[in-house]
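Please see the structure below; I have some questions.
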Amino acid sequence: MIMLNEQYQDLTPSYLFAEVARRAAAFAQAHPDQEIIKLSIGDVTRPLAPAVIAAMHKAVDEMGQAATFHGYGPEQGYDFLRQAIGRYYQSFGVELEDDEIFVSDGAKSDLANITDLFDRDNKVLIPDPVYPVYVDTNIMNGREIVYLEANEANGFLPAPPDFEADLIYLCSPNNPTGAVYNRDQLKAWVDYANRWGAVLLFDAAYESFITDPDLPRSIFEIPGAKTCAIEFCSLSKTAGFTGTRCGYTVVPQELVFDSMSLNHMWNRRQTTKFNGVPYVVQRAAEAVFTEEARAQIRASIAYYQENARVIAAGLDRLGIAYTGGVNSPYLWMRCPNGMGSWEFFDDLLQKAAVVGTPGEGFGSCGKGYFRLTAFGDHDKTVEAMERIQKAYG
Ligand code: MLT
């Protein structure tokens, strides 16, 4: 008889954002007259930049002509996009070879799929709270996970522990807490990984929200990172690609362990299991890195940053402690009146018809916390904060 992957029994019954959506939908069904405002999953609301749309249209037209039609593309991404990403990294002083950049359908898939390259017996270190994909995928693979507490005392930025681990997940700017590692803090992680022969899986999906020039956007700004780190990035939050799907993963050539190259392994994995991102999407992604689109995209990011300011001001008025919202689209607040995360989720839905994400869904250290996102519509964000003020002021 077929034997199934029993590790799935160790997962929470549903993926965090699916459970949030389920509860919000049940509320909507029971209260059809109330308008729900969602400050929950980090889904963008600003449309794609005009320069990106123009490039996509042009690519669509090319697909309609035999002379310019594109079938299967390179699994790793077209050279034009890999080179555009390489030039972007150069703009903040990081030199990459084109073959170190792998275009993908987004950071989530790559963060999950990268686990294919590592033996089951590795010890995985994951900060808590954390983006649930890191935890769930390692549970699916049956790996031992050790959690590192991110809390108010360490500014939600845990430092390397005094014990050995093999595979370490870091996310900065952080999802869910909004905290951002500085150079010295990341250097400590790079030194730790190089000392133990460990690999850092660095999630940089929110780098475009960094406005402080002293904060690193990439782990590769830190000396020594190319011998210990893989970086995952996404155009979802940077350029509104949540529905369009495009991201990239950087696997340096220097990542060689026991004479096996992680770059070659990832290339082998992707050529076997992935057929590349559509040509039309890659042309749109290439346009993201043009001067014209960058100016348009900066305006969208400024729009979300203004939302973050509105949320922060509302929490300040209520005297609620929070972190994030600066250099990050997420705000991580303490639940009012000592409520638990899911308790506050339900209370907020009932009293204000506002949906957020319960901190507990990101790990046990998220108990008693709640995440709000700045990706919403501006007027609705203002209204959500007014409703929250009325309900808890
Ligand atoms: C989030 O809300 O944490 C993200 O939007 C989820 C994701 O990017 O998969």
Side-chain angles (χ1 to χ4, degrees), residues 43-44 48-49 51-90 94 96-118 133-134 137 140 201-205 207-208 218 220 229-253 255 260-290 293 297:
D43 197 3
V44 293
L48 294 173
V52 170
I53 288 292
M56 202 188 282
H57 273 297
K58 188 165 169 277
V60 168
D61 289 342
E62 285 179 52
M63 293 299 279
Q65 303 292 328
T68 49
F69 171 77
H70 285 77
Y72 288 128
E75 293 89 347
Q76 309 84 349
Y78 285 101
D79 285 346
F80 62 78
L81 179 54
R82 297 173 102 182
Q83 285 161 7
I85 296 166
R87 285 193 297 276
Y88 175 62
Y89 272 85
Q90 266 174 355
V94 173
L96 299 175
E97 299 297 330
D98 294 348
D99 64 4
E100 295 178 312
I101 300 165
F102 294 83
V103 174
S104 73
D105 65 345
K108 178 182 181 179
S109 330
D110 279 12
L111 278 157
N113 295 333
I114 200 80
T115 54
D116 274 12
L117 309 193
F118 303 101
V133 173
Y134 315 157
T137 51
M140 289 171 184
L201 301 177
F202 189 78
D203 182 352
E207 59 87 16
S208 59
S218 162
F220 299 119
I230 296 176
E231 179 157 293
F232 303 83
C233 206
S234 159
L235 298 184
S236 285
K237 316 301 157 83
T238 299
F241 273 57
T242 49
T244 310
R245 308 307 311 149
C246 195
Y248 46 91
T249 291
V250 178
V251 190
Q253 291 286 6
L255 284 177
M260 285 179 82
S261 154
L262 279 173
N263 179 285
H264 294 173
M265 288 170 74
W266 183 243
N267 190 56
R268 186 71 179 80
R269 192 257 171 224
Q270 290 298 82
T271 47
T272 303
K273 296 195 182 182
F274 184 57
N275 246 344
V277 174
Y279 173 74
V280 169
V281 171
Q282 291 196 54
R283 279 295 182 198
E286 178 193 24
V288 166
F289 298 98
T290 60
I297 285 162

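Reckoned from all heavy atoms, side chains included, excluding hydrogens, waters and symmetry mates.
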Point-to-point distance, once rounded to the nearest 0.5 Å, from OG of S234 to CZ of F241: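 The CZ atom of F241 is 9.5 Å from OG of S234, to the nearest 0.5 Å.
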Nearest-0.5 Å distance that lies between atom CG in L48 and atom CD1 in I53: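 Reported value, rounded in 0.5 Å steps: 4.5 Å.
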Side-chain donor/acceptor of T68 to backbone N/O of E62, under 3.5 Å: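 Yes, because the side chain of T68 sits within donor-acceptor range (under 3.5 Å) of the backbone of E62.
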Interatomic distance, L201 atom CG to Y134 atom OH [nearest 0.5 angstrom]: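 That separation rounds to 9.0 Å.
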Under 3.5 Å donor-acceptor, E100 side chain and Q253 backbone: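 Confirmed, E100 side chain pairs with Q253 backbone.
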CA sep, side-chain torsions, deciding dist, call: V281, M56, side-chain contact (heavy atoms from CB on, under 4.5 Å): CA-CA 7 Å; V281 171; M56 202 188 282; 5.6 Å; no
salt_bridge(K273, D116) N-O dist < 4.0 Å: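 Looking at K273 and D116, the cut-off is met.
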side-chain contact (heavy atoms from CB on, under 4.5 Å) assessment of T242 paired with K237: CA-CA 7 Å; T242 49; K237 316 301 157 83; 4.0 Å; yes
Heavy-atom check, side chain of F232 versus side chain of V250, under 4.5 Å: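 Sidechains of V250 and F232: no contact.
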Minimum-distance pair of heavy atoms, taken over all atoms of A112 and V133: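 Shortest heavy-atom contact: CB-CG1, 4.2 Å.
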Minimum heavy-atom distance F274-V277, with the two atoms named: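 Taking F274 first and V277 second, the nearest heavy atoms are CZ-CG2, 4.0 Å.
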Exercise: do N267 and E75 side chains pair donor with acceptor under 3.5 Å: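 Per modelled atom types, N267 and E75 side chains form no pair under 3.5 Å.
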Within-4.5 Å side-chain heavy-atom neighbours: P278 and R245: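 No, side chains not in contact.
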Y248 and Y89 aromatic ring geometry - parallel, tilted or perpendicular at 30°/60° bounds: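 Rings of Y89 and Y248: perpendicular, as their planes differ by over 60°.
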CD-CG distance between Q83 and D98, expressed to the nearest 0.5 angstrom: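 Going from the CD atom of Q83 to the CG atom of D98 covers 4.5 Å.
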E207-S218 side chain donor-acceptor pair, cut-off 3.5 Å: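 There is no such pair (donor and acceptor under 3.5 Å, judged by atom type) between the side chains of E207 and S218.
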Polar side-chain atom of N263 near backbone of V251 as donor-acceptor pair, under 3.5 Å: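 Looks like yes, one N/O pair under 3.5 Å.
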Inter-residue atom distance L255.CG - L117.CG, 0.5 Å rounding: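 The CG atom of L117 is 10.5 Å from CG of L255, to the nearest 0.5 Å.
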Stepwise side-chain contact (heavy atoms from CB on, under 4.5 Å) check, V103 with C246: CA-CA 7 Å; V103 174; C246 195; 3.9 Å; yes
Non-hydrogen side-chain atoms of E231 and F220 separated by less than 4.5 Å: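 E231 reaches F220 side chain to side chain.
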Minimum heavy-atom distance Q282-Y78, with the two atoms named: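 So the minimum-distance heavy-atom pair works out to OE1-N, 2.9 Å.
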Side chain to side chain contact (heavy atoms under 4.5 Å, CB included) partners of A55, counting only residues at least two apart: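 With neighbours one apart ignored, the set is A287.
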Side-chain H-bond candidate by donor/acceptor type, R283 with Y279, under 3.5 Å: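 There is such a pair between these side chains.
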Donor-acceptor side-chain pairing of S109 and N113 below 3.5 angstrom: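 No, no side-chain donor-acceptor pair sits under 3.5 Å.
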Criterion side-chain contact (heavy atoms from CB on, under 4.5 Å) on V288 and I297, from CA distance to verdict: CA-CA 8 Å; V288 166; I297 285 162; 3.7 Å; yes
side-chain hydrogen bond (donor to acceptor under 3.5 Å, both in side chains) partner of T272, chosen from R268, Q270, R269: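 The side-chain hydrogen bond (donor to acceptor under 3.5 Å, both in side chains) with T272 is passed solely by R268 among R268, Q270, R269.
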Shortest non-hydrogen contact from V52 toward A293: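 Minimum heavy-atom separation between V52 and A293: CG2-CB, 4.3 Å.
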